[in-house]
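In what follows, a single structure is set out as structure tokens and then discussed.
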Amino acid sequence: MSAKKNLPAASAGAEQIEIYGAREHNLKNIDLTIPRNKLVVITGISGSGKSSLAFDTIYAEGQRRYMESFSAYARSFIGNMERPDVDKINGLSPVIAIEQKTTSRNPRSTVGTTTEIYDFMRLLFARVAEAYSYVTGRKMVRQTEDQIIEILLNEFNNQKISILAPVVKGRKGYYRELFVQISKMGYNKVRVDGNIVDIVPKMQLDRYKIHDIEIVIDRVVVRETDRYRIVQSLKTALREGKGIVMVLDPNGEKRYYSKYLMDPESGIAYDEPAPNMFSFNSPYGACKTCNGLGVVEKFTRRSIVPDESLSISQGAIAPLGEYRDIWIFRQLESILKKYKQSISTPFYKLPEEVIHIILHGTKEEIPVKSVKYPGQDWYTKFDGIISFLQNQLEYGGENSSEWVKEFMESQTCPTCQGARLKIQSLHFRIADKNIAQLAEMDIRQLAQWFAELPPKLSERQHIIAREILKEISKRIGFLQDVGLEYLTLNRPMRTLSGGESQRIRLATQIGTQLVGVLYILDEPSIGLHQRDNQKLIKALKDLRDLGNTVLVVEHDKEMMLESDYIIDIGPGPGIHGGRVVAAGSPQEFLLQKSITADFLSNRLQIPLPKQRRKGNGKKIVLKGAKGHNLKNVTLTLPLGKMICVTGVSGSGKSSLIHGTLYPILFRHFFRSGKEPLPYEHIEGLENIDKVIEIDQAPIGRTPRSNPATYTGMFTDIRNLFAQLPEAKIRGYKAGRFSFNVKGGRCETCEGAGKKTIVMEFLPDVLINCETCKGKRYNRETLEVRFKGKSIADVLDMTVEQAITFFESQPVILRKVKALHDVGLGYITLGQHATTLSGGEAQRVKLATELAKKDTGNTLYILDEPTTGLHFQDIQHLLDVLNKLVDKGNTVLIIEHNMDIIKVADHLIDLGLEGGEKGGNIIFEGTPEEIIHHPESYTGYFLRTELQD
């Protein structure tokens, strides 16, 4: 019997991708056909094997085949990629994967650089922009030698002028060697700081003053008969003055002329514009103060003394902590004593003069009592806390530097005001806008600006800019097509959600217009409001209609129903999944028996709560929030409820919660943390005693980090192994079972279990260590066993297996059960952090917090916890969150998923639109009330959920 008979049928007569015997991870030897040139959705419960099929089988095989196309010589540098565990794949096109986890963490990577829009804008400004002087504001001019000659003959006819070559402009120094050099060139006069003087032997200037020096090339009466002499003098002046010449008229007034861009009034000149002059990643364009980052890290009074109600002895100066009998505290005591102040006085009550000395130091010597020689004083200078921290940063070790950075604060660069570019680059303009002002516009405004630009250009500018404008407009259109019109070009990529960065790369791919490619996407709808979902689906269909196959791992109901073909992997997570439980077109799929089909056809639903919670009557009120696009809003959080913050993408949800509320609360409880966005006032902080933010940032960036280490469970497991008789006989301590320190780990891979193959032009590839085969430990360590399992076997266990294995270990069991309760029963304890999705990382963090004893008075902040969750997993998550709220805690969720929104006790809806048109709270109340709000997009989409 042929294997093909077992395949779920795909569209009749269509070309197909045929997969035989896929066994990667938990896949159960599945056979499958996928129709080509269609939009195909792979869905299923979390951990059922969707990513194993899409990425670890199909994409991995596509990548391996690409590598095989290289010559044997090239492959010897790359190393061999392992073949995925699959018998055969037929009909596979070239594969491009657009994943969530590849978001750049580089602060220099922005929306503009990633989409190439900023690169085209740099080219546009280099070729078309007009330069203006940053001193006078006048338009810069450039002249040829002939033009300068004609100006001189017309304007100074029969007048005596001096032709000079500027060699030093606004710089300090002796310039002894320069005068010797000028003298050797045959010149005997120079103009120094406005005065013409003869060059004399050993001539030098005041080293600490700023000087202007020009060589006097010629003094001549301007006549047509002396044209040759004037031309030769002018050429010499331009050569010595690096393209700039200064002319003094009979009244001593100076005029500047240049072959390059120059301000005739002040004499400043710019380099010829080139694309790198507008790049903040190039030394030719970047602001010198912040090196093109737009922000500088500084020590400030607020970062060093976060709580001024404390005294110095109580630890007001955060880097020093509470009073100890050490030299720096004795110095502080002496300073305070001199000014009749006490070390026990609250910091805010100290005179400003004393605070300035404490932070910045004093040149005056202060007497400090000697401990070694009682009655004797040591006279010493005090450099100040900021100078002390600066020295630690510059000369301390790596650990010292990391510690010091905690007391620094990011501030907008004072030189470029956050624009990232040097001052010359910011004075090139097109239609009165510089490139930094365009980068600050959201995509919607930028599209409008470029649409209105052509009539404002001269004919010459229009001819040069035509093709560049076409490319820019096309790319802006792609970003609008995927619902990202609220982003700005200068937005760093690291601040985007997984879904946003994925949609940016999707827009870039649509722009390449490739045909015959298999695209694999990992939940592109993350962070997208239902209103914008249609735009995303249309973009994916456009990609399909070009002649590509689009394979999407997705849980979104609308995406599934709009697709051409659905494949459901299940029936359960981990070892209970890995099978194709249903497949077909949406119409065929709804009639099949699977949990996904039941939810899609509304045979199963997440139930509404019988009644909404009333809360505990207390509240937190945040007044006057106006960071980013927030319009001076007041946020009221009723405590003791499950609160959902909703609104279209870019409406200001993250700015309000992550940018303003959380930093305020964190600073209040922990006396440190980042600076909140601007706000006026906050009330009700006494009503909670702890705040916990659970975001989607990775739990670690290397294979060394995993769920067991993050939750703290691994310390307990290592202690358990160290207590075993075999370990005691061998003298092994808990450190022996750590893969991060020498002793028990495999030294070939240094306990990572994986080796990284660096790819010069592709993402790095991880392969198993050839010595320990991925086990992380050496042979001796693996010989110590608990219930027949080594420490490596324990790390390879799924959470579900670990519950049974550790049932007699209550401390470990509590942490394992917390992971299971948030729907992570399928992951292994030692799964590399780099392989976890954003949603999984968030649930690991949630489990870590759940395993701790809660106070019943905690505020939990979650950012889209449904990421990567199937309908059934959302139900499990809601059970966990409801338990937290029922204990008296408050759960605040930023969410687009209607299944979460409809069960919340209280909704806060922001809008109306994203970007500049957002930033207002348009509704506060229950789900039943929002559906009647005429302007709320959330209410519009929630109406169908509540009425089903």
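- Crowding of His658 atom NE2: a count of heavy atoms from other residues, nucleotides or ligands under 6.0 Å exceeding 12.
- Residues Leu846 and Pro865 fail the side-chain proximity criterion, which asks for heavy atoms closer than 4.5 Å.
- Between the side chains of Asn490 and Thr110, no donor N or O sits under 3.5 Å from an acceptor N or O.
- Between Tyr937 and Glu913, the side chains place a donor N or O and an acceptor N or O closer than 3.5 Å (distance only, hydrogens not considered).
- Looking at Lys653, its side chain does come within 3.5 Å of a backbone N or O of Val648 through a donor-acceptor pair.
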>> Please determine whether side chain to side chain contact (heavy atoms under 4.5 Å, CB included) holds for the pair Thr549 and Arg544, giving the CA-CA distance in whole Å, both sets of side-chain angles, and the decisive distance to 0.1 Å.
In response: CA-CA 6 Å; Thr549 307; Arg544 173 200 66 189; over 6 Å; no
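- Nearest heavy atom pair, residue Gly44 against residue Ser48, reads C-OG, 3.8 Å.
- The distance from the CZ atom of Arg603 to the CD1 atom of Ile595 is 11.5 Å, given to the nearest 0.5 Å.
- The shortest distance between side-chain heavy atoms of Asp522 and Ile98 does not fall below 4.5 Å.
- Taking a 6.0 Å sphere around OH of Tyr940, one finds it holds 12 or fewer heavy atoms contributed by other residues, nucleotides or ligands.
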>> Evaluate Glu485 against Lys535 for salt bridge (charged side-chain N to carboxylate O under 4.0 Å, His left out), listing each step before the verdict.
In response: CA-CA 11 Å; Glu485 63 268 13; Lys535 287 183 181 177; 2.9 Å; yes
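- Surrounding CD of Gln513 are more than 12 heavy atoms belonging to other residues, nucleotides or ligands, all under 6.0 Å away.
- Counting only heavy atoms from C-beta outward, the side chains of Ile893 and Met642 approach each other to under 4.5 Å.
- Contact record, Ser585 with Tyr565: N-CD1, 4.0 Å, taken as the closest heavy-atom pair.
- Here the shortest heavy-atom pairing between Asp821 and Val880 reads O-CG2, 3.1 Å.
- For NZ of Lys623, the number of neighbouring non-hydrogen atoms (other residues, nucleotides, ligands) closer than 6.0 Å is 12 at most.
- When the options Ile930, Ile922, Leu910 are evaluated for a side-chain contact (heavy atoms from CB on, under 4.5 Å) with Thr938, the one that passes is Ile930.
- Other residues, nucleotides and ligands contribute over 12 non-hydrogen atoms within 6.0 Å of the NZ atom of Lys626.
- Put simply, the side chain of Arg503 never gets that close to the backbone of Leu536: no donor and acceptor are under 3.5 Å apart.
- Using a distance-only test at 3.5 Å, with no hydrogens or angles considered, no donor-acceptor pair links the side chain of Glu895 to the main chain of Thr646.
- Classification of the Phe871-Phe599 ring pair by plane angle, with boundaries at 30° and 60°, yields parallel.
- For the atom pair CG (Leu484) and CD1 (Ile504), the distance works out to 5.5 Å, reported to the nearest 0.5 Å.
- Within the 4.5 Å cutoff, no side-chain heavy atoms of Lys917 are placed close to those of Ser651.
- Asp442 contributes no side-chain N or O that, together with a main-chain N or O of Thr488, makes up a donor-acceptor pair within less than 3.5 Å.
- With hydrogens and angles disregarded, a donor-acceptor distance shorter than 3.5 Å links the side chain of Asp905 to the backbone of Arg613.
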> Hey, mind stepping through Glu554 and Ser525 against side-chain hydrogen bond (donor to acceptor under 3.5 Å, both in side chains) and telling me if it holds?
Replying inline: CA-CA 8 Å; Glu554 189 56 273; Ser525 67; 2.9 Å; yes
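- Taking the six-membered ring where the residue is Trp, Tyr59 and Phe55 present perpendicular rings, their angle passing 60° and hence far from 30°.
- The two residues Thr115 and Thr508 make their nearest non-hydrogen contact at CA-OG1, 4.1 Å.
- Side-chain contact check for Thr866 versus Asp899: every heavy-atom pair is 4.5 Å or farther apart.
- Note that CZ of Phe478 is 9.0 Å distant from CG of Asp542, once rounded to the nearest 0.5 Å.
- Looking only at distances, a side-chain donor or acceptor of Asn629 sits under 3.5 Å from a matching main-chain atom of Gly650.
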> Going through the checks in order, is the salt bridge (charged side-chain N to carboxylate O under 4.0 Å, His left out) test met by Glu849 and Lys845?
Replying inline: CA-CA 6 Å; Glu849 296 303 333; Lys845 293 176 186 178; over 6 Å; no
>> Between Thr596 and Asp568, is the side-chain hydrogen bond (donor to acceptor under 3.5 Å, both in side chains) condition met? List the steps.
In response: CA-CA 7 Å; Thr596 308; Asp568 190 12; 3.0 Å; yes
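- Between Asp481 and Ile510, every side-chain heavy-atom pair lies at or beyond the 4.5 Å cut-off.
- Side-chain contact of His896 with Gln530: a donor-acceptor pair under 3.5 Å is absent, judged by distance alone.
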>> Pair Thr890, Asn616 - check side chain to side chain contact (heavy atoms under 4.5 Å, CB included), show working.
In response: CA-CA 10 Å; Thr890 307; Asn616 58 20; 5.5 Å; no
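- Using modelled atom types, no side-chain atom of Asp909 and backbone atom of Phe923 make a donor-acceptor pair closer than 3.5 Å.
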>> Between Leu892 and Leu859, does the side chain to side chain contact (heavy atoms under 4.5 Å, CB included) criterion hold? Intermediate values first, please.
In response: CA-CA 7 Å; Leu892 178 63; Leu859 173 63; 4.1 Å; yes
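- In this structure, the side chain of Asn548 does not engage the main chain of Leu518 through any donor-acceptor pair within 3.5 Å.
- Gly527 approaches Ser649 most closely through the heavy-atom pair O-OG, 2.9 Å.
- With hydrogens and angles ignored, the 3.5 Å screen pairs a side-chain donor or acceptor of Glu523 with a backbone N or O of Gly868.
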>> Between Ile921 and Leu656, is the side chain to side chain contact (heavy atoms under 4.5 Å, CB included) condition met? List the steps.
In response: CA-CA 10 Å; Ile921 294 177; Leu656 182 60; 4.3 Å; yes
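- Side-chain contact between Val552 and Ile42 is absent, with no heavy-atom pair separated by less than 4.5 Å.
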> Can you check side-chain hydrogen bond (donor to acceptor under 3.5 Å, both in side chains) on Thr926 and His906, steps first, answer last?
Replying inline: CA-CA 5 Å; Thr926 64; His906 186 79; over 6 Å; no
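- Evaluated for a side-chain contact (heavy atoms from CB on, under 4.5 Å) with Lys902, the options Asn897, Ile606, Ile931 yield exactly one hit, Ile606.
- Under 4.0 Å is where a charged nitrogen must lie from a carboxylate oxygen, and between Arg612 and Glu928 at least one such pair does.
- A salt bridge is absent between Arg444 and Glu916: the closest approach of a Lys/Arg side-chain nitrogen to an acidic carboxylate oxygen does not fall below 4.0 angstrom.
- The existence of a salt bridge linking Lys883 and Asp879 is excluded, since no basic side-chain nitrogen approaches an acidic carboxylate oxygen closer than 4.0 Å.
- Taking both residues in full, the closest heavy atoms of Glu588 and Gln592 are given as O-CG, 3.4 Å, listed atom of the first, atom of the second, then distance.
- Counting only distance, with no hydrogens or angles, the side chain of Asp564 and the backbone of Lys38 share no donor-acceptor pair below 3.5 Å.
- Contact of the Glu562 side chain with the Lys541 side chain is registered, since non-hydrogen atoms from C-beta on lie closer than 4.5 Å.
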> Can you check side-chain hydrogen bond (donor to acceptor under 3.5 Å, both in side chains) on Asn533 and Asp556, steps first, answer last?
Replying inline: CA-CA 9 Å; Asn533 227 1; Asp556 182 72; 2.8 Å; yes
